[in-house]
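All chains are named by letter (A, B, ...) in the order of the sequence lines, taking the proteins before the strands, and each is independently numbered beginning at 1. Since the structure is predicted, the reported quantities are computational estimates derived from the model, not experimental observations.
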Protein chains: 2
Amino acid sequence: MNDQTLIPLHTLKVSCSNCSLRELCLPVGLNREELAQLDAVIRQSRRMKRGEFLFRSGENFKSLYAIRTGFFKTCVSSQDGREQVTGFLMSGELMGLDGISSSVHGCDAIALEDSEVCELPFSRMESLGRDIPSLQHHFFRLMSREIVRDQNVMLLLGNMKAEERLAAFLLNLSQRLSSRGFAANDFVLRMSREEIGSFLGLKLETVSRTLSKFQQQGWIVVDHKHIQLVKPDSLKELIAGCAHANGQ
Amino acid sequence: MNDQTLIPLHTLKVSCSNCSLRELCLPVGLNREELAQLDAVIRQSRRMKRGEFLFRSGENFKSLYAIRTGFFKTCVSSQDGREQVTGFLMSGELMGLDGISSSVHGCDAIALEDSEVCELPFSRMESLGRDIPSLQHHFFRLMSREIVRDQNVMLLLGNMKAEERLAAFLLNLSQRLSSRGFAANDFVLRMSREEIGSFLGLKLETVSRTLSKFQQQGWIVVDHKHIQLVKPDSLKELIAGCAHANGQ
DNA sequence: AAATAAGCTTGACGCTTGTCAAAGCGGATT
DNA sequence: AATCCGCTTTGACAAGCGTCAAGCTTATTT
């Protein structure tokens, strides 16, 4: 349900020298001068350890963050300690868009593995957008894409049963990983069963049971966090009829 | 969960001559020339009958629509006929933001009562934004606000029980109506029980039963679509601890 | 005005999922 | 290498909500 990358990452060389994120999540089609302007605005990348907060709900919003490498979750927490995971994000995806509306971050962003992000100071990106129309348009598209993603999650949470939710979740991960050049049917989950459950509106026991059920049916192989999709088509059948549920 | 109005509507006179929506959902702080530019871009208002589609999922996206008067729902429909209502929208609120990402509308927008909307051609708004920074910033804020709203709905669907969902729903409607100058505790629902249920991830019978339960407890009075909140504080207690659930 | 349809309420029942509990496993730490 | 702790799995049971069905009210049609 989350893929904000416009160009396939594996087709590009990532320049590690100065963390210019334009290869990762910014549009192609800029001329040399525009790229130079962009480079001047994008800050050095920041390295993060697993478990570290990139930002917290309530902090002042100044920047968007693009994931260079690694894996994050975003979540809103309630006063009594319950947390709702609102997304799992991987390389090339953007975090912090919800902070623009009130100049305060509306969620926490937490690294689920050692990661590297690029900081995009928003007000400078905004003014750069006025000089570079295609950049401005790209930001509107990114924000709209986030809205579409969220609506798909609403569909999932409002209409689907546990098995359908988990199938949609696995297929979405698979699709996003494969678009980044990783194996589509063999991957390692970066999040716990509890975090999956929070995202899908299920309890961790239900997640565990449902994964076991898929395995018993020979559709997947579960070895702790290592997942293999043996019969992805069976998973797809499960969510056939649930439009849009299979990611974008 | 949805209030995209930046200035209280009831403090403003709505100029009915030419549907300039700037009073409704566009920012204050523009000078005379900027307002003239805006007026040139905003199209005549369009009147709609109850049940009419403003746009449909899959249609080409060209414009955003601001509600001048009336009430809408937006929903995504699945292939097998199930529908998920993704929002209920009232005057001053904006529809169509999800279409920017792919140039195709991602949901249906349907009038729930006779309504009037203003069309905002997006590409012209986009270029106008480059000339008027505060307008550009306002659009980013509107889109971000929609993301925050959607995340709150995810929290509702993922974490809350039927009673909590319905309490949050009623209080959110109440708050948005009162910010428009209507009574906060006495209003008429424009949507059916089934549509409420679709939005809240519940079946219509559960919506009906839960409303009856609230009434039995003396918290509300239900007379078909006419709702009175007798003890709104009791509803608020119900969702205390569900952060952000009470709208923005 | 009668007839029909659509929406709403309420009850009985069953399924899905949550809750509580116990035990297994693996990774981290010392 | 041994111990501890967190995560996961699995079972038994309960609760909440969905499903099915009947009857009701209101709105629409003829």
Item to check | Nucleotide-resolved protein contact map, nucleotides 11-30 of chain C, B/S/- at heavy-atom distance under 4.0 Å | outcome: BB----SSBB-----S----
Checklist entry - What pairs with A:Phe187 under ring pair (Phe, Tyr, Trp, His ring centres under 6.0 Å), at least two apart in sequence or on another chain? => result none
Checklist entry - So how far off straight is the helix from C:dA1-D:dT30 to C:dT30-D:dA1, going by the axes through five pairs at either end, to 10°? => result 50°
Item to check | Modelled atom types, side-chain donor and acceptor of B:Gln84 and B:Ser198, under 3.5 Å | outcome: no
Next on the checklist: On the nucleotide D:dT26, are OP1 or OP2 found under 4.0 Å from the side-chain N or O atoms that B:Lys225 carries?
Outcome noted: no
Checklist entry - Can you pull the side-chain hydrogen bond (donor to acceptor under 3.5 Å, both in side chains) pairs that have at least one residue in residues 202-222 of chain B, sequence neighbours excluded? => result B:Glu163-B:Lys213
Checklist entry - B:Phe88 and B:Phe199: aromatic ring centres closer than 6.0 Å? => result yes
Checklist entry - Between B:Arg68 and B:Ser45, is there a donor-acceptor pair closer than 3.5 Å when you use the side chain of the first and the backbone of the second? => result no
Next on the checklist: Looking at A:Phe53, I'd like to know if the NZ or CZ of A:Arg56 sits under 6.0 Å from its six-membered ring centre while staying within 45 degrees of the ring's axis.
Outcome noted: yes
Checklist entry - To the nearest Å, how far apart are B:Leu211 CG and C:dG7 P? => result 17 Å
Checklist entry - Will you find, in the side chains of B:Glu83 and B:Ser77, an N or O donor that is under 3.5 Å from an N or O acceptor? => result no
Item to check | Strand contacts (DNA chain C) in residues 185-198 of chain A, 4.0 angstrom heavy-atom criterion | outcome: none
Checklist outcome for this item: When A:Leu112, A:Leu173, A:Val222 are each screened for side chain to side chain contact (heavy atoms under 4.5 Å, CB included) with A:Leu189, the one that passes is A:Leu173
Checklist entry - Of all residues at least two apart in sequence or in a different chain, which pass the side chain to side chain donor-acceptor pair (under 3.5 Å) check with B:His226? => result B:Asp186
Checklist entry - Taking it one step at a time, do B:Thr86 and B:Thr74 satisfy side chain to side chain donor-acceptor pair (under 3.5 Å)? => result CA-CA 6 Å; B:Thr86 54; B:Thr74 54; 2.9 Å; yes
Checklist entry - Roughly, in whole Å, what's the span from NE2 in B:His226 to P in D:dT26? => result 15 Å
